[in-house]
Amino acid sequence: MILASASQTRAKLLRDAGVTFDVAPARVDEEALKQSLLAEKASHRDIADALAELKALRVSASHPGEWVLGADQVLSFDGALVSKCESLAEARNLLLRLRGKTHDLISAMVLAKNGAPVWRHVEKATLAMRDFSDAFLDDYLAQEGEALLSGVGCYRLEGRGAQLFSRVNGDHSTILGLPLVPLLSALREQGVIAK
């Protein structure tokens, strides 16, 4: 199997689950697709699914006969789709907006073979940020640094970012961007991993 993603978190989830795979990140213009779908009034769920499919199909087209996994995650907050931050100043502003409020992480996966989607799954987790202090936020940003910019919400729930939350509803692997249990089931059904 090929993982069409450069995400180290997704790769770690798969490795830890005992799945053997290669990595071939899809080179796609995610922002252009998002903006096009938003203009068409697509749901955030459909946007996550379309991004995962685009990645899977792009890599699958150049790897005939191989199983390819495309995955993506979007953050939905207050009716808007939140994009990754470019700087720690942007991250600080985002976390101030999310503070004391609830947002959704929508994770989508598409398995493709020979340039066609074979299986797809979309799952949502809802996270409530606590009303943390400005001092906590400044310390958090100083400790975590620019590594935060790799995630759409500027937090890593598997690390210090867990301290930002008062409540989390959803599967942990969904929050990390790869709903593992349904994926493993699909991989078994397709014969990619042992039953």
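We number each residue from 1, following the sequence as shown.
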(request) Give me the ring orientation class for Trp119 and His121: parallel if the planes are under 30° apart, tilted from 30 to 60°, perpendicular past 60°. (result) parallel
(message) Between Arg10 (side chain only) and Gly177 (backbone N and O only), is there a donor and an acceptor less than 3.5 Å apart?
(response) yes
(request) Ignoring hydrogens and angles, tell me if any N or O in the side chain of Glu66 forms a donor-acceptor pair with the backbone of Lys113 under 3.5 Å. (result) no
(message) Please check: side-chain N/O of Ser107 versus main-chain N/O of Thr174, any donor-acceptor pairing under 3.5 Å?
(response) yes
(request) Check for a donor-acceptor pair, side chain of Ser60 on one end and backbone N or O of Asn114 on the other, with a separation under 3.5 Å. (result) yes
(message) So, taking the atom named CG in Leu111 and the one named CZ in Arg120, what distance separates them when rounded to the nearest 0.5 Å?
(response) 10.5 Å
(request) Check whether the side chains of Thr126 and Asp104 place a donor and an acceptor atom closer than 3.5 Å, and report yes or no. (result) yes
(request) With sequence neighbours excluded, tell me which residues meet side chain to side chain donor-acceptor pair (under 3.5 Å) with Ser43. (result) Asp46
(message) When you measure from the side chain of Arg58 to the backbone of Arg27, do you find a donor-acceptor pair of N or O atoms at a distance under 3.5 Å?
(response) yes
(request) State the CG-CD1 distance between Leu184 and Ile193, to the nearest 0.5 angstrom. (result) 5.0 Å
(request) In plain terms, say whether Arg160 and Asp139 are close enough for a salt bridge, that is, a side-chain N and a carboxylate O under 4.0 Å apart. (result) yes
(message) Tell me if a side-chain donor or acceptor on Arg99 pairs with a main-chain N or O of Phe132 at a distance below 3.5 Å.
(response) yes
(message) Once side chain to side chain donor-acceptor pair (under 3.5 Å) is applied, do any residues pair with His63, and if so which ones, sequence neighbours excluded?
(response) none
(request) Using the side-chain hydrogen bond (donor to acceptor under 3.5 Å, both in side chains) rule, collect all pairs that involve residues 144-157, keeping only residues at least two apart or in two chains. (result) His103-Tyr155, Glu144-Arg156
(request) Output yes when a side-chain donor or acceptor of Arg45 lies under 3.5 Å from a complementary backbone atom of Glu123, and no otherwise. (result) no
(request) Answer yes or no: is there a donor N or O on one side and an acceptor on the other, between the side chain of Glu53 and the main chain of Ala71, under 3.5 Å? (result) no
(message) I'd like to know if Lys55 pairs up with Asp72 as an ion pair, taking the criterion as any Lys NZ or Arg NE/NH1/NH2 lying under 4.0 Å from an Asp or Glu carboxylate oxygen.
(response) yes
